Structure formats: structure tokens, C-alpha cells
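Worksheet: the structure to be examined is printed underneath.
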Amino acid sequence: MSEENESTPAEDIGELLKVRREKLEKLRELGIDPFGKGFDTTDTPGNLRENFEEEKQVRIAGRITALRDMGKSNFLDISDLNGRIQIFVNQKQIGEENWAVYKQLDIGDWIGIEGETFTTKVGEPSVKANVVTMLSKSLRPMPDKFHGVVDPQIKYRQRYLDLIANERSREVFQKRCAMVAEIRRYLGEKGFLEVETPMLQDVPGGAAAQPFETRHNALSMDMYLRIAPELYLKRLLVGGFDKVFELNRSFRNEGISRRHNPEFTMLEAYWAYADFEQMADMVEDMVCHLAEKYCGGLLIEHKNAEGEVTKTINLSRPWKRTPYKDLVAEAAGADWWDLDAAGRQARCKELGVEISPDMEDYEVSQQVFEKLVEEKSIDPIFVTHVSKELVPLAKQNTRDDSVVDVYELIINGAEISPGYSELNDPDVQRERLEHQAGEEIQKIDEDFLLALEYGMPPAGGIGIGIDRLVMMLTGAESIRDVVLFPQLKRKEG
RNA sequence: GAACCGGUAGCUCAAUUGAAAGAGCAGCGAACUUUUAAUUCGCAGGUUGCAGGUUCAAGUCCUCGCCCGGUUCACCA
């Protein structure tokens, strides 16, 4: 840890911290444990306020988030994740002994309240305290009560402060939890089994990304954190698990950005005997279900800091499905696919699409797609029948073998989900992987190819980037706002 | 990895051309028995991210400086 005394109390602490330490000592002198024991509650702050009834004896606990001192009468707000309730503390009511304890409290402390509900003159649902119980002392000042935490470094490094101070953050993360639980329920109801496959892998496959390297000492073996679970889930198809999914972390050792965290949450699901069209149907249904349940409908509004709507995503069904080639031709000219490689490069210059001279021909088209189609697609669109070079694990189309039977779901200018008719011919799979491995130094997962030789049923498969899905549904502009503890650089060193 | 922007009190932010570092909240003291960002009076709070340099004087100017963050780009099936 850091060499600084920042978190060691003995020396070099500011006035604010000293004052709280003194209150801590004072509590001990009064015979009170400042880090107390359990406290039985009859209700929670948010629920009590929402379903308020007068003249009820209650016991509630929470963190002090506001304190309005009127002398002999004080008003506190105590809060939990879901709301707040006002506490009325009167010197006479709680008695001198308890008042002495009460006077050592600060905003940020955890307390328990025993008392009776009533409504104040101005109509605020409140609890008149009979006994104030110290549950836990906070030794550091809370963030600004009005502005909350703004500094991104504090938000991300000390997420607990963000959660305490910013209601919006609390909402986003609670929504994320609910959505993830709902996805599990949705798939479970359809008969999918949730499985767990290795995150520590010998050969990292299922995607083309840089893996994190690590080592198993007892086995004397270099290993990798998985970049995708795909190849293991397909082994389960071979084994007869005909509907499986995994919803968990994968790891990619690449750039960090607004849309990339080195560890991210991905859903992959495989459905034997289905194809990519059925998978698209299911994803469309599932995402709409989430939006209706947690976002109040199919119109998703993204707002800026001032609360103004900056973008509206319309998830109304049915979602558009258009072949990749049509979309590129629409953006780059109807004759795009009749041009030769040089002609396409020239067209890119005219269109202002940046390309590098060493790009393969299909990469030039892909660049046009990314810049002129993907980034401009806000409402959902399933881009189907992508060039086969882009997707080595999907089945080729029977009529046009230059494309594969896949969709790429684009929403809000970003890839949300790919879906394939999975390639199950072991010989073709080997050829496609070797062709790809030739360009980029990538090991072939021989055990996976062996499994395919035993026979994998035809199947549809999907991947969904959960972080990006949550961003889209909650209007978060950065993946860091939907990941509780995003990766940052070590602060000192 | 590259470019641009940012880092000032615990938090949120000011500081003109280089000229005495300031406010609100939080804190401490005082008044107030129904307040809602309570109010009023007073007090305290700073190595201006770090390290050098220029200057009589630097938060401000300088360093293919260093650290951390943000955005964009690159990378990312």
C-alpha cells in the first residue's frame, strides 16, 4: 500500500478527522461501543416513508445523511439504498443520557432508531425517536450533500462514496442487478441451463483478442484468462446439453476506453437445432422484455447532466434485419460490390473513410460499415450475412458461401450482440481457424476440434455484452458507470 | 501506444494582464422545540497533483519533464 499516512490515524490527520476521533473517544467514555452490534428492525427507511402510517411503533436503521439542528429539537434523515426517512430527535423525549450520546453523532454515522411515526407541521412523514442507538461511527466526512461526488477519480476508486452521495448511481447499479437476475430467470424459464466453464484456459479461444497470461505453479503451466467461453459451451452441446448459457466475466488485455473494461460481463447462450434467425427473435424479445420491465417502455431516453433528453432509442418491434452487403452498398454506393479492391479504396477517400494501405479488401468494406453504418445506427438493427472472414466460428450461407449465417445487433451506435448459426463441421472449422491463425499468431484449440469430430448438433448461439446492454438501457455514457469497480491505474508507483 | 483537455480546502467550484489564494457546503463555537440544501452570527480550514526552471514576484509562464484522470484515435472477429 501507499507509504503515506493517509489512512493511519496516529499522525498527519486533518482537523475534520481529529474531531470525529474525539467523538469516538467520548462515546467510549460514555460506555457506548461506537461500532455496535446488530439491531432488529421492523421496517426500512425508504419503505417506511413510502407506505407511511401514523402512530406506529417502529425500529429502523440507516446512515445519517442530513442533520438539521434546531437546538433542543433536531431533524435527521436516515437513509438506506432505497430511500430516506426523517427522524425527529428531542432532548426531553430521549432523555439526558441518550442525548449525550446523540450529541456525538455525525452525518455519515449508522444508527438505529426506536420510536413512533408521526407527520410534522409541514407534512413530512417522520419518526419521533425514543431511543437512539449507535451502530457504527464514520470517521471521515461525507461528500458534498448537494452536489454529490463529481470527481471521476473518487467515483471510480471509492465507489462507496458515489453510492452514498449520488442517487443516480444507486439506481443504475440496482437496475443492473435486477436486469442480470431477470436475464437468468428468462433463460431458465425457456429451459436453458446455466453452466460454469473454465476462466483459466490452456488455449484462449472463441474470439480474437489479447489474453491475460498467468501461470499455474503446481502444473508448471502457462495459462490464460478466457477471452470468451464459446469453445467450452460448444463442447457441452457435443455432450448433449442442448440449451446452455453462461453469464459471467471474460478478460481481454487491450485498450481501456469508454466502451472497454479489461474484465467485462458476457452472456453466451447456445440452443441446439436453432439457427441465427431464431436467436435474433429471442434476443429481440428478451431485450424488449427488460426495457418494458425496468425502463418503463420501449422508448429509451438518454439524458445529459441537466436532465435534458439527448437521444431516444426506439426499441419498438419488429427490429430491422438487413444484410451487411446491402447496408454497405447503401452507404458507399450501389456499385460498391462491383468495384475492385483499388476502386473501393478510392471510394473510401471520396467518402472520407480512413483506411490504411495494408488492409485486406474485406477490411476496407468493414471500415465503411463501422464508420458509415454502425456508428450512425441508433435504433436496433440486425445486420445479417456478414463476410465470412469476419466470423470464423459461424456456418457459411448455402447460397452465397462468401458470407456466414449470422447477425450483428447494433443499437446506439455499438455492437450489442452477435448471433450465429454455429459452424459444426469439424473439417471446415479447422480450415477456417487455421486460415485465421496464419495471419495472427494464435494457437488452435485441438481439444475443441476433437470434440466437434464427435458431432455437435446444429445450433444457434448468441453473445451479449451485458455492460453495453446496461449502458444502452440506462443511458450511461461510459462502461465505468455500469461497472461497480472499473479498472484504473494504480495511483502511486 | 498517440493527441487534446483537466488536477486549487474534506466535497463542489472561483481567482482578470504574472501581484495579499476566495466562496458555498461539511466542521468547530453560539442562538433557536416542527426543519427540508433550515436560518443567523462568529471561528478554523491550503506544500494550488509532483519535480525542476524563468521572474523582484508563479495557481497563472517554461519543461519532446513525471504522476493520475477524462475525451478522441489506435488496438479490439
Side-chain angles (χ1 to χ4, degrees), chain A residues 6 12-20 22-23 65-77 84-93 106-108 118-126 128 138-158 161-162 164-166 205-211 227-228 230 250-262 264 354 356 362-363 366 369-371 386-394 404 406 408 414-415 418 420 432-433 436 439-440 442 463 465 477-478 480 486 488-493:
Chain A
E6 207 182 331
D12 191 36
I13 67 176
E15 186 64 25
L16 293 170
L17 307 189
K18 214 166 100 190
V19 166
R20 291 199 174 214
E22 283 166 7
K23 290 176 179 171
T65 47
L67 197 165
R68 294 176 287 279
D69 182 354
M70 309 283 302
K72 288 176 180 128
S73 286
N74 284 15
F75 296 90
L76 309 180
D77 287 346
R84 64 174 184 94
I85 184 79
Q86 176 168 273
I87 311 296
F88 176 75
V89 181
N90 179 267
Q91 187 171 359
K92 233 176 191 170
Q93 182 83 19
D106 285 300
I107 292 175
F118 77 110
T119 304
T120 64
K121 260 188 203 168
V122 288
E124 180 70 26
S126 306
K128 188 178 291 176
S138 167
L139 295 173
R140 286 176 182 266
M142 289 291 121
D144 189 290
K145 67 176 173 186
F146 190 60
H147 301 93
V149 172
V150 172
D151 182 350
Q153 301 221 31
I154 299 176
K155 271 177 81 91
Y156 302 145
R157 290 184 198 278
Q158 296 178 276
L161 293 180
D162 178 43
I164 289 168
N166 299 339
Q210 287 296 314
I227 53 178
E230 177 155 356
S250 288
F251 307 83
R252 297 186 184 176
N253 200 346
E254 282 161 359
I256 292 177
S257 78
R258 213 159 57 84
R259 290 205 172 88
H260 301 82
N261 197 55
F264 62 101
E354 279 182 44
S356 66
Y362 74 88
E363 290 175 308
Q366 175 64 5
F369 174 77
E370 282 176 18
K371 299 298 169 194
V386 171
S387 301
K388 71 172 180 193
E389 291 88 346
L390 296 167
V391 188
L393 296 166
V404 282
V406 302
E408 285 284 351
E415 266 175 58
Y420 307 165
R432 301 260 296 274
L433 285 176
Q436 182 192 7
E439 303 159 4
E440 314 173 26
Q442 199 178 356
E477 291 199 357
S478 167
R480 297 178 196 91
L488 296 186
K489 212 163 171 178
R490 192 180 292 132
K491 211 170 178 185
E492 276 156 311

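Owing to the predicted nature of the structure, the values given are computational and were not obtained by experimental measurement. Per chain, numbering begins at 1; letters A, B, ... match sequence-line order.
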Within the 4.0 Å heavy-atom criterion, would you say L161(A) contacts the bases, only the backbone, or no part of the nucleic acid? nothing
R490(A) vs C68(B): side-chain N/O to OP1/OP2 distance below 4.0 Å: no
Is V391(A) touching bases, backbone alone, or none of the nucleic acid, heavy atoms closer than 4.0 Å? nothing
Which part of the nucleic acid does Q366(A) contact within heavy-atom distance under 4.0 Å: base, sugar-phosphate only, or nothing? nothing
Return the nucleotide paired to U55(B): Watson-Crick means purine N1 to pyrimidine N3 with N6-O4 or O6-N4, wobble means G-U with N1-O2 and O6-N3, both under 3.5 Å. none
Touch class at under 4.0 angstrom, heavy-atom based, for F118(A) against every strand present: base
So, does R68(A) get its side chain near the phosphate of A37(B), meaning an N or O under 4.0 Å from OP1 or OP2? no
Does OP1 or OP2 of G69(B) have a side-chain N or O of R157(A) closer than 4.0 Å? yes
Measure from the side chain of P141(A), starting at C-beta and using heavy atoms only, and say which of G10(B), G27(B), U33(B) lies closest. G10(B)
Ignoring the backbone of P392(A), work out which of G69(B), A77(B), U36(B) is nearest its side chain. A77(B)
Name the nucleic acid region contacted by P152(A), choosing base, sugar-phosphate or nothing; use a 4.0 angstrom heavy-atom cut-off, strictly under. sugar-phosphate
Separation of M142(A) atom CE from G24(B) atom P, in whole Å? 23 Å
I want to verify a distance call: between U34(B), C68(B), A77(B), whose nearest atom is closest to the Q153(A) side chain? C68(B)
Stepwise, does the ring pair (Phe, Tyr, Trp, His ring centres under 6.0 Å) test hold for F118(A) with F88(A)? CA-CA 9 Å; F118(A) 77 110; F88(A) 176 75; 5.8 Å; yes
Heavy atoms only, 4.0 Å cut-off, all strands: where does K128(A) land among base, sugar-phosphate and nothing? nothing
Just call it for K145(A): base, sugar-phosphate, or nothing, with non-hydrogen atoms closer than 4.0 Å on any strand. sugar-phosphate
Is R480(A) near enough to U71(B) that one of its side-chain N or O atoms lies under 4.0 angstrom from OP1 or OP2? yes
Can you see whether S257(A) engages R259(A) through a side-chain donor-acceptor pair at a distance of less than 3.5 angstrom? no
For a quick check, tell me whether the side chain of H147(A) and the base of C11(B) share a donor-acceptor pair closer than 3.5 Å. no
Sugar-phosphate only, base, or nothing, as touched by R258(A) at under 4.0 Å among non-hydrogen atoms: sugar-phosphate
Just compare U33(B), C32(B), G69(B) and give me whichever is closest to any side-chain atom of D69(A). C32(B)
